[in-house]
Engineer: 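Quick one: this structure, given as structure tokens, is what I'll be asking you about.
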Amino acid sequence: MSCSLAVLTLADARFPGGGHVHSGGVEEAVHRGLVTGPGELREFLFGRLRSAGCLAAVFAAAAAHAAGAGADGRHWRRLDSEIDARTPSPAQREASRAQGRGTARAGRVAWPSAALDALLAVSTRPHHPAVIGALTGGARAGTPREAAAVAAYLSISGPASAAVRLLGLDPFAANAAVAALGPDLERITEYAASVAGRDPAALPAVGAPALDLLAQAHQRHHRDEVRLFAS
């Protein structure tokens, strides 16, 4: 399957607001000694792809479907609310919206579209998967499957890059851990595309309590460090 330049660019973690700005929980996992090498990293990435990655893929595909169908503000608002409802961790919600805002700002310049405008009219800080879908299915007329693939890939490529920085891992080993998940990513992408046309409230709700706890702990540690340096 060929991919447009827009899809390839969105999948690049260096794109403003992309995967490089969020470790996906791996930083806290490293801090707690849960991830110490390539073996644990592979297990972490597998779990993240099957949970948070699947959720992101589902909603990115749904957003691309909505963009292609010319959805109105009410539909975008419902999508935004349903992502919130499936993200119980405040830290995870904040990270998603921060990434979404950065991606939307860059995407609005590169690929302006009515779909992205409609999403931003609902929220100036939309969730990251919704922005990926709006950009993919908007001006570039990409498919829900492409949007799902981008979201799923970013859910593991960002944490893998973070692990290289945090642990000094061999980059080849980290990339091999990501590549090994190719068949799983393909299955999740296909699944997300198959449910893209559902009512937002009926979209799957894949939970990841461990990732939620790691995100909250990481946010608390960050605030403690800021408070310490400020005192």
Engineer: Using side-chain heavy atoms (C-beta onward) and a distance below 4.5 Å, is V26 in contact with R165?
Structural biologist: no
Engineer: Please check: side-chain N/O of T136 versus main-chain N/O of G133, any donor-acceptor pairing under 3.5 Å?
Structural biologist: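 No, the answer is negative, given that no donor and acceptor are paired below the 3.5 Å cut-off.
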Engineer: Got more than 12 heavy atoms from elsewhere within 6.0 Å of CZ, R198?
Structural biologist: yes
Engineer: Could you check whether E82 pairs with R78 (Lys NZ or Arg NE/NH1/NH2 to Asp/Glu carboxylate O, under 4.0 Å)?
Structural biologist: no
Engineer: Verify, without hydrogens or angle tests, whether R86 (side chain) and L55 (backbone) share a donor-acceptor contact under 3.5 angstrom.
Structural biologist: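 Side chain of R86 to backbone of L55, a donor-acceptor pair under 3.5 Å: no, none is there.
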Engineer: Hey, is the main chain of L185 close enough, under 3.5 Å, to the side chain of T189 for a donor-acceptor pair?
Structural biologist: yes
Engineer: Could you please spell out the steps behind the side-chain contact (heavy atoms from CB on, under 4.5 Å) verdict for D84 and H127?
Structural biologist: CA-CA 8 Å; D84 254 358; H127 282 286; 2.9 Å; yes
Engineer: In Å and rounded to the nearest 0.5 Å, what is the CG to CG distance from L45 to L49?
Structural biologist: 8.5 Å
Engineer: Give the minimum heavy-atom separation between V122 and G73, together with the two atoms involved.
Structural biologist: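 So the two residues come closest at CG2-O, 3.4 Å.
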Engineer: Provide the closest heavy-atom pair for G100 versus V131 in the form atom of the first, atom of the second, distance.
Structural biologist: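 Nearest heavy atoms, G100 then V131: O-CG2, 3.5 Å.
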Engineer: Mind checking the CD-CZ spacing from Q92 to R97? Nearest 0.5 Å is all I need.
Structural biologist: 13.5 Å
Engineer: Would you check if R50 and I188 make a side-chain contact, meaning some heavy-atom pair closer than 4.5 Å?
Structural biologist: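 When only atoms from C-beta onward are counted, I188 and R50 do touch, with a gap below 4.5 Å.
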Engineer: Report the C-alpha distance between L79 and L203 in whole Å, list the side-chain angles of each, state the deciding distance to 0.1 Å, and finish with yes or no for side-chain contact (heavy atoms from CB on, under 4.5 Å).
Structural biologist: CA-CA 10 Å; L79 269 179; L203 290 171; 4.1 Å; yes
Engineer: Tell me if a side-chain donor or acceptor on D184 pairs with a main-chain N or O of R187 at a distance below 3.5 Å.
Structural biologist: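 No.
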Engineer: Taking the side chain as C-beta and beyond, is there a heavy-atom pair between R32 and L214 under 4.5 Å?
Structural biologist: yes
Engineer: Hey, does P90 have a side-chain heavy atom less than 4.5 Å from the side chain of E94?
Structural biologist: no
Engineer: Can any side-chain N or O of R93 pair as donor or acceptor with the backbone N or O of P88 at less than 3.5 Å?
Structural biologist: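 Between the backbone of P88 and the side chain of R93 there is a qualifying donor-acceptor contact (under 3.5 Å).
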Engineer: Just verifying a value: how many Å separate D117 CG and W76 CH2, rounded to the nearest 0.5 Å?
Structural biologist: 11.0 Å
Engineer: When you compare the side chain of S89 with that of Q219, does any pair of heavy atoms fall below 4.5 Å?
Structural biologist: no
Engineer: I'd like to know if the side chain of S51 reaches the main chain of G207, judged simply by a donor and an acceptor atom lying under 3.5 Å from each other, with no hydrogens or angles considered.
Structural biologist: no
Engineer: Which heavy atom in P204 sits nearest to a heavy atom in V195, and how many Å separate them?
Structural biologist: CD-CG2, 4.1 Å
Engineer: Apply side-chain contact (heavy atoms from CB on, under 4.5 Å) to residues L41 and L167 and explain how you reach the verdict.
Structural biologist: CA-CA 10 Å; L41 177 61; L167 291 169; over 6 Å; no
Engineer: Looking at P129 and A63, what are the two nearest heavy atoms and their distance?
Structural biologist: O-CB, 4.3 Å
Engineer: Would you compute the distance between atom CD of E146 and atom CG of L8 and round it to the nearest 0.5 angstrom?
Structural biologist: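 It is 9.0 Å, given to the nearest 0.5 Å.
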Engineer: Taking the side chain as every heavy atom from C-beta outward, state whether L169 and P38 have any atom pair closer than 4.5 Å.
Structural biologist: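 Contact flag for L169/P38 side chains = yes.
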Engineer: Determine whether V206 and V58 make a side-chain contact, defined as any pair of heavy atoms from C-beta on separated by less than 4.5 Å.
Structural biologist: no
Engineer: Is there a donor-acceptor contact under 3.5 Å from the side chain of R48 to the main chain of S155?
Structural biologist: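 Checking the backbone N and O of S155 against the side chain of R48, a donor-acceptor pair under 3.5 Å is found.
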Engineer: Before accepting this row, confirm whether a basic side-chain N of the pair D80/R125 lies closer than 4.0 Å to the acidic partner's carboxylate O.
Structural biologist: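 So D80 does not pair with R125 through a salt bridge.
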Engineer: So which heavy atom on G138 is nearest to which on A67, and how close?
Structural biologist: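 Nearest pair, atom of G138 first, then A67: N-CB, 3.8 Å.
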Engineer: As a test of understanding, state which of L116, L10, L154 forms a side-chain contact (heavy atoms from CB on, under 4.5 Å) with T103.
Structural biologist: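 Per the side-chain contact (heavy atoms from CB on, under 4.5 Å) rule, the option paired with T103 is L10, out of L116, L10, L154.
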Engineer: Between Q216 and D212, does a side-chain contact (heavy atoms from CB on, under 4.5 Å) hold up when you go through it step by step?
Structural biologist: CA-CA 6 Å; Q216 290 304 122; D212 292 336; 5.6 Å; no
Engineer: For the residue pair P144 and A64, what are the closest heavy atoms and their distance?
Structural biologist: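 Minimum heavy-atom contact is CA-CB, 3.7 Å.
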Engineer: Could you grab the distance from atom CZ of R220 to atom CD of E28, nearest 0.5 Å is fine?
Structural biologist: 8.0 Å
Engineer: Any chance you could measure T87, atom OG1, to L211, atom CG, to the nearest 0.5 Å?
Structural biologist: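 Between T87 OG1 and L211 CG, I get 11.5 Å after rounding to 0.5 Å.
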